[in-house]
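Taking it in order: structure first as structure tokens, then the write-up.
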Number of protein chains: 2
Amino acid sequence: MQNLDSIGTQIRKLREEAEMPLRKLAALLDIDQSTLSKIERDERRANTQIIEQIAKIFKADKEKLLVAFYSDVVMYEIQDESSFSEILQVAEAKIEYQRTTKKKTK
Amino acid sequence: MQNLDSIGTQIRKLREEAEMPLRKLAALLDIDQSTLSKIERDERRANTQIIEQIAKIFKADKEKLLVAFYSDVVMYEIQDESSFSEILQVAEAKIEYQRTTKKKTK
DNA sequence: TACATTTGGACATATTTTGTCAAGAATAAA
DNA sequence: TTTATTCTTGACAAAATATGTCCAAATGTA
């Protein structure tokens with residue numbers, strides 16, 4: 001089953017399992033410890049660069065972390081919409097369509 | 001079947017079906033005509049306020065337009081991710097979970 | 001040509017995000 | 001308790017994005 005923990009919670013769990021202080025992980029990531037604290041509590045957005053580094057540091061599955069990250073992003077965008085389920089369906093269809101027609105990124 | 005046209009394309013179609021010049025619709029929406037031109041070509045984001053007004057002006061289904069709008073937003077966020085399908089699944093599960101536990105918006 | 005409509009680009013302003021700091025709160029150790 | 005360590009909070013400026021506006025260029029139509 002998929003992990004429904006937020007990206008922040010997942011980062012915190014990885015860090016605590018490794019018994020690494022927040023301050024030290026922040027230093028490895030080259031960000032302020034207050035920023036990392038906020039990321040772990042989902043008060044600030046992480047970004048893909050940070051996630052990639054974290055995957056390396058803790059030898060975690062990068063793809064799974066990215067799924068957690070982006071699903072959070074999507075969730076925040078549409079959580080208050082009653083038609084959220086249809087929105088996701090249509091988004092998926094649009095992306096699939098895009099791929100079959102091989103649109104280039106301008 | 002769902003309408004996979006972008007929100008911009010849908011707005012343009014509604015306007016053209018009503019044979020209303022862009023300039024006039026822009027005036028009704030109280031935005032610059034160049035802004036509307038960009039929205040119709042998906043060069044600028046629409047917003048929910050504009051969409052609600054358009055639904056009223058053309059007596060269109062507001063919910064369907066919102067689905068088009070938000071699915072575009074979601075698509076742009078994750079279109080380059082190989083795991084897009086899983087991301088959407090997880091996002092849906094997160095939103096559903098949130099609703100069963102009735103989290104309040106702070 | 002003349003006229004109406006749409007598009008493109010430049011620019012200023014506004015809003016949002018990000019980075020940084022320092023002090024306060026919480027936790028653990030002595 | 002006192003001290004040390006860790007984490008959180010809030011304030012602030014700087015950077016990055018988004019938005020609003022103007023107007024000339026392009027396109028289309030009579």
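Just so it is clear, the structure is predicted and the values come from calculations on it, not from any experiment. Computation of the quantities below employed the complete heavy-atom set of this structure, encompassing side-chain atoms and omitting hydrogens, waters and symmetry-equivalent molecules.
Every residue two or more places apart in sequence or in another chain was checked for a salt bridge (charged side-chain N to carboxylate O under 4.0 Å, His left out) with B:K38, and none qualifies. Judged as a salt bridge (charged side-chain N to carboxylate O under 4.0 Å, His left out), and not counting sequence neighbours, B:R44 has no contacts.
Contact between B:V74 and A:I87 at its shortest, heavy atoms only, is CG2-CG2, 4.4 Å. Closest of all the heavy-atom pairs between A:R12 and A:L22 is NH2-CD1, 3.8 Å. Shortest non-hydrogen contact noted between B:F58 and B:R15 is CZ-CA, 3.7 Å. Nearest heavy-atom pair, A:I57 versus A:M20, reported as atom, atom and distance to 0.1 Å: CG2-CE, 4.3 Å.
Between the side chain of A:K94 and the backbone N or O of B:A68 there is at least one donor-acceptor pair closer than 3.5 Å. A donor-acceptor contact shorter than 3.5 Å links the side chain of A:D42 to the backbone of A:G8. Here the side chain of B:D5 pairs no donor or acceptor atom with the backbone of B:Q10 at under 3.5 angstrom.
The rotation axes computed at either terminus of the helix from C:dT1-D:dA30 to C:dA30-D:dT1 lie 30° apart, taking five pairs at each end and rounding to 10 degrees.
Mapping heavy-atom proximity under 4.0 Å, the span of DNA chain C touched by chain B runs 5' to 3' from C:dT5 to C:dG9.
Residue-level contact check: A:E40 touches neither bases nor backbone, having no heavy atom under 4.0 Å from any strand.
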Sub-3.5 Å pairs of nitrogen or oxygen atoms, protein against nucleotides 13-19 of chain D:
none

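Taking 3.5 Å as the limit, the base of D:dC22 and the side chain of B:S34 contain a donor-acceptor pair of atoms between them.
Rounded to an integer number of Å, the gap from CZ of B:R23 to C1' of D:dC23 is 16 Å.
Residues from residues 13-22 of chain A placing a heavy atom under 4.0 Å of any atom in DNA chain D, listed by number, are A:R15, A:P21, A:L22.
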